[in-house]
Each structure stands twice: as C-alpha cells, then as structure tokens.
Amino acid sequence: MLRAPGARAQEPMVQMLFTDYKYKQKAVFTGFPSSVQLTCQTIRNVCACTYISDVWPQWMHRVINHRYMNVCWDYILKRFLKGASSECRCVQGLNKKMIRAKHIITNNPVKQLTHYNETNEQKLFKIANELLKTEKAYVARLHLLDQVFSAKLMEEAGKGTFPVEVVKNIFSNISSVHTFHSQFLLPDLERRMGEWESTPRIGDILLKLTPFLKMYAEYVKNFDQAMELLKQWSDRSPQFKSIIQEIQCQEVCGSLTLQHHMLEPVQRVPRYEMLLKDYLKKLPPDHLDRRDAEKSLEIIATAATHSNSAIRKSDNLKKLLEIYEMLGEEEDIVNASNEFIKEGHILKLAARNTSAMERYLFLLNNMLLYCVPKFSLGGPKYTLRTRIGMDGMKVLETSNEDYPHTFQVSGKERMLELQASSEQDKAGWIKALQETIAVFQQKNESFKTASKEVEEVSTAELGKRAPRWIRDNEVTMCMKCKESFNALTRRRHHCRACGYVVCWKCSDNKVALQYDNNKVNKVCRDCFSILTGEESLLTLHHQGYRE
C-alpha cells in the first residue's frame, strides 16, 4: 500500500476510487495537509474502487493541491487511469504514465495551470450531473414523505386513532409525485448520464416532465390546508404528534421537521427552471438539444411563475417554523396569514429603576412577540413574555439622558420602553413597526368599509332572499377569520347566503337555499350554523375528532 512521504509504515497513504463516468471521482488522502485532503475530497460520486500499490513518485505529492488539481486530475483521469481496473494493472502501468505526467506538468508554468478553463462540453456535463444529483436527493425526500411519514400515519389512522382523511389531506398527491420521479424521471436521467458521451443532452428528458407539472399545481394549492391540518392534529392527538416526532428524530430527517420536508415539492419546479437556463447559456445555437431544451424551459418557466408566490410563502413559513422551534414549539404562530417582518436583540428599560434587561423581538405582520432569551446548548431559545397585537399599536420616539437610542411601543396588551443598540438600529425598528402598523390598518379599514356597505340579510330571511355580494377587490382578508387572501393558496369565495367574501376554511360547508330552488350552495360557517342548527366542519375540527 502507498505511503505518504515521511508517514509511518503502518499508516496507509492513499486509497483512490474511480467511477464509470467521466469527470466523477473521489480520493481520500491521509498523511497530507488538511488543505490537500479537502481538495482531493471534492472529487466525488464513487462507483467503483481500485487500490494503488505502486511506488508513489516523490514529485506527485507536490502537484496534489488546489492550484493544480483541475488539470492534473483531468489528465490522469483521461490518460492514465483509463482501463486501470485491477491492482495488478496499476502496479505494472501507472509508474510509466506518471513519469509522462511529470514531464507535462513540470513544463507548464503555474500561471497557466491556475487559469485552466473548462471546455463548454464539460460545463454542460456538470449542469446535467447537477440535475441528476439534485434529483436523487429530491427523490429521497419524496420517499421520506410518502413511504415513511405518510405510511406510518396511515397505518395508525387505520386503527381509528385519528381520521384517515386527515392524513390524505395533509399529504395530498405526494404519492403520485413520488412515483413519477422515482420510476420515470430519475431512471431516465441516470441512463442518460451513463451514455453521455454518445448522447449529450437533457432537454428531451425534461420535455417529458412538462405534462406532469399539473401535479405540482394540486400540491401547492393544498399546501396551506396541509400545514393547518398538521398543526391542528399535532395539538389534538398525542399519537399523531408522537409518530411525527419519532420520525423527525431519525438520522434520515437531518434534524428537520416534517413541515420543512413538505416544502421541497413547492420549491422543485423553480429549480428545474434555474438549471435549464444555465444549461441553455452553455448550449451552442446549433446543438441538437436546443429545441427541446427551449420548449421545456418555456413550459417549466410558466409553471414556476405560478409557484413564485408559493415559494415566497414557503420561505416565510420556514422562518415561522424556526421561530416556533425557538419558542419551544408552544406558541401557535405557524399560520398562513402570519408574515415575518423583522427580529433582533433589544434592551428593555425597567419601569421602576430604569435598569436595562436583555430581550428579543419578533415582528410579524399582525403582532409583536416580546421574548426573554434563555440558556440553551442547542441554538437560540426564547420564552414568550407578551404578544402585542397591531390593532391599536403606537410607536413613539423617546429621549433618555442615561439611556440613548430609546423608543416606546404601546398596545392594548402592554407598553414597552425599549433601547436599541445604536441610532441606526433604533430607526430601523421604528420604521419597520410604523410600516407594519400602516399596512395592518389599511387592510382593516378596507374590511370595515366593505362590512358597512353590505346590506345584511336578516336571520329570518337568510337563505330565502338572494344577498348582495361584496366585490372581490373590496376586501383583502377573509370577512370571518380575517386571514389575508393571496392569488394562489388562499383564494376568495362568496357565501351564497350572506354575500360575504371568505376563505376556503370559512366556506367549507354546503346547504340548500330556498331562494335558489333549494339547490345546495356553498355557505360560510356562521350561515351554516344558523340555517341547519348544526356546528360547521371548522368548529368540529377545533373541538376534536368525533366518532
């Protein structure tokens, strides 16, 4: 076995691993500086291995570093190691080939080697290889959602612990998405990369993906409802929560929550778009794959555009999940209507002796979370002291000779005298708070105006007389639960009984209306309760699952 120069005899010097594919190798070195080891470890994706038992030329260790790695390794791969499939062959042939490499490398100045540029073909291969690598990781994530989380919850639901429909509504069509990617797209990409030298193209494969993009539209549309059901049943059912937590503790989850994993399909289509754009930049105008690649990009870009608002929402949801975890998973803030604005350390001045105490603020679109930091070895953790709602909140700049950079936040719940770290930090907080208050008040005013203008149907006439519908553009939030509307996942619906504009949660009931010849119509939860004398589905959800 090879030894590093100066290494003890019992320490193996190198084990080199080769693949069947071009430009994909890995080497693990011991006995060399860490920077050299790190450089060598960047050559990845191992498919087969060969142990080299030849005498290691003294000059070779000098060129294994970050400056020479590209050209040196590329030359060795293409010239030296082609066909070196056994230890015997390496022993017999590599020494002569390495001597040739020494001549080539020593006759090329360092400046030339450091400015080595990849060919266009190599760049195209790298993009295609990146697509394959990310697709493998994506399929693994889909498997986790479909065959682990969903399967375990469905198994428990089959025992009657909680409704089977809840699990189905949470995971939507994830099984179909998983099947397509694992059984069709990924195998096609793997075969293509295996025959890349003869068929260097991916546009035709991605073109096959486009008819299946509608699966993502269904998943994205259901995403808000899935998050809400997940939160509701985690609070309601100890068995439901226990199964999820048990899986999340496994290594395969990578210390991420189920919510984090469920964001992956929402983000996947825009990633296809980014890779295709990069691929087309490197693709020659007359390349055989250009037509298919351009057509694929056009369709995928359209789908990605529709997903953009969902992507923004998913990024916001990630942040809300982080805050939820930092608050000990006890505060109900993971809600589609909540939007993260700003966070940061702050000092709170005591009312009696004006001593300053360290605190932490999270500003959302509808509330300010006033928190106390607590000691933790596992990242920042906080205890929520007070929620201050935006309704009626005021911000006032104050001056204090002993404590500079102070300002005051007052709301219905509490008044806080706060000290920022600098004048710039103070200005940033005041601006963020004032802008958030202004947006909240504007939305609230539009809600109140629309409510005043509507000619309400009396309880006695409800269902017997057609209501006046509130126009969609007159409101920006649900007139029942006040959650904000958006174009993709929280759309507007009209109650056919009272005419209010409501979200899907508040209109998930149907009842026969007398004015419409007793046809069954969608109504809000309040009208459903009045017309039927029964509790709405949403009320039942909040009260718990009933047999």
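- For K231, the NZ atom sits in a packed shell: over 12 heavy atoms of surrounding residues, nucleotides or ligands are nearer than 6.0 Å.
- Atom CG of L153 sits about 9.5 Å away from atom OG of S237, to the nearest 0.5 Å.
- Look at E246 and K152 and you find no salt bridge, because none of the NZ, NE, NH1 or NH2 atoms lies under 4.0 Å from a carboxylate O.
- The number of heavy atoms from other shown groups lying within 6.0 Å of CD (E298) does not exceed 12.
- Side-chain contact check for I247 versus L258: every heavy-atom pair is 4.5 Å or farther apart.
- R290 places a side-chain N or O within 3.5 Å of a backbone atom of L283 that can act as its donor or acceptor partner.
- Side chain of E358 to backbone of H345: no donor-acceptor contact under 3.5 angstrom is found.
- Taking a cutoff of 4.0 Å between a charged side-chain nitrogen and a carboxylate oxygen, K208 and D204 do not qualify as a salt bridge.
- Proximity of a side-chain donor or acceptor of E156 to a complementary backbone N or O of F240 within less than 3.5 Å is not detected.
- Of all the heavy atoms in K480 and C524, the pair that sits closest is CE-SG, 3.6 Å.
- Surrounding CE of M154 are more than 12 heavy atoms belonging to other residues, nucleotides or ligands, all under 6.0 Å away.
- With a 4.5 Å cut-off on side-chain heavy atoms, Y370 and L368 do not count as touching.
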Verdict with reasoning, N222 to N169, per side chain to side chain donor-acceptor pair (under 3.5 Å): CA-CA 8 Å; N222 183 70; N169 288 334; over 6 Å; no
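- A donor-acceptor contact shorter than 3.5 Å is absent between the side chain of K168 and the backbone of N173.
- In this structure, the side chain of R496 engages the main chain of H494 through a donor-acceptor pair within 3.5 Å.
- Heavy-atom minimum distance, L320 versus N338: CD1-O, 3.4 Å.
- With hydrogens and angles disregarded, no donor-acceptor distance shorter than 3.5 Å links the side chain of T161 to the backbone of A157.
- Of all non-hydrogen atoms in G158 and V164, the two that sit nearest each other are N-CG2, 4.4 Å.
- Residue K374 qualifies as enclosed at atom NZ: its count of foreign heavy atoms under 6.0 Å is above 12.
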Yes or no on side chain to side chain contact (heavy atoms under 4.5 Å, CB included) for H178 and Q147, after CA distance, side-chain angles and deciding distance? CA-CA 9 Å; H178 178 216; Q147 298 299 315; 3.9 Å; yes
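- Here the CZ-CG distance, from R191 to L132, works out to 12.0 Å after rounding to the nearest 0.5 Å.
- A donor-acceptor pair under 3.5 Å is formed between the side chain of R192 and the backbone N or O of R201.
- Ring orientation note: the planes of Y219 and F223 are tilted relative to one another, at an angle of 30° to 60°.
- Using a cutoff of 4.0 Å between basic side-chain nitrogens and carboxylate oxygens, R268 and E135 are scored as salt-bridged.
- Distance check, rounded to the nearest 0.5 Å: CD1 of I333 to NZ of K319 gives 10.0 Å.
- Annotation: side chain of Y515 is not in contact with side chain of K464 (no heavy-atom distance under 4.5 Å).
- Between I244 and W233 there is no side-chain heavy-atom pair separated by less than 4.5 Å.
- Considering only heavy atoms from C-beta on, V372 comes within 4.5 Å of R359 through its side chain.
- Residue L462 comes nearest to L531 through the heavy atom pair O-CD2, 3.3 Å, listed as atom of the first residue, atom of the second, then distance.
- Judged by distance alone, the side chain of S242 and the main-chain N or O of P238 form no donor-acceptor pair under 3.5 Å.
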Show, in sequence, the C-alpha distance, side-chain angles and deciding distance for T257 and H260, and conclude whether the side chain to side chain donor-acceptor pair (under 3.5 Å) test is met. CA-CA 5 Å; T257 63; H260 279 90; 2.7 Å; yes
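- The shortest side-chain heavy-atom distance between L186 and Y138 does not fall under the 4.5 Å cut-off.
- In this structure, T406 contributes its side chain and T398 its backbone to a donor-acceptor pair below 3.5 Å.
- The shortest distance between side-chain heavy atoms of W429 and L418 does not fall below 4.5 Å.
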Evaluate ring-ring contact (aromatic ring centres under 6.0 Å, His included) for F362 paired with Y382, printing each intermediate quantity in order. CA-CA 11 Å; F362 293 102; Y382 305 96; 5.7 Å; yes
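- The two atoms that bring L321 and Q259 nearest to each other are CD1-CB, 3.2 Å, heavy atoms only.
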Kindly indicate, with the supporting measurements, whether the criterion side chain to side chain contact (heavy atoms under 4.5 Å, CB included) is fulfilled by V139 and K136. CA-CA 5 Å; V139 168; K136 285 180 178 178; 5.9 Å; no
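- Atom CZ of R291 has 12 or fewer heavy atoms from other residues, nucleotides or ligands within 6.0 Å.
- M393 contributes atom CE, which lies 10.0 Å from atom CE of M367 (distance to the nearest 0.5 angstrom).
- In this structure, the side chains of F184 and L209 stay at 4.5 Å or more apart for every pair of heavy atoms.
- T134 approaches L131 most closely through the heavy-atom pair OG1-O, 3.0 Å.
- Taking OG1 of T302 as the start and CG of L213 as the end, the distance is 9.5 Å to the nearest 0.5 Å.
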Is there a side chain to side chain contact (heavy atoms under 4.5 Å, CB included) between L369 and Y360 once you walk through the steps? CA-CA 8 Å; L369 304 179; Y360 202 87; over 6 Å; no
Can you check side chain to side chain donor-acceptor pair (under 3.5 Å) on D526 and Y500, steps first, answer last? CA-CA 11 Å; D526 293 340; Y500 275 26; over 6 Å; no
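- Between the NZ atom in K241 and the CD atom in Q248 there is a gap of 10.0 Å [rounded to 0.5 Å].
- Using a cut-off of 4.0 Å between Lys/Arg side-chain N and Asp/Glu carboxylate O, R271 and E130 are scored as not salt-bridged.
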Does L416 form a side chain to side chain contact (heavy atoms under 4.5 Å, CB included) with Q408? I'd like the steps, not just the answer. CA-CA 6 Å; L416 301 171; Q408 186 183 91; over 6 Å; no
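- Side chain of H261 to main chain of C253: a donor-acceptor pair is present (N/O by atom type, distance under 3.5 Å, no hydrogens or angles).
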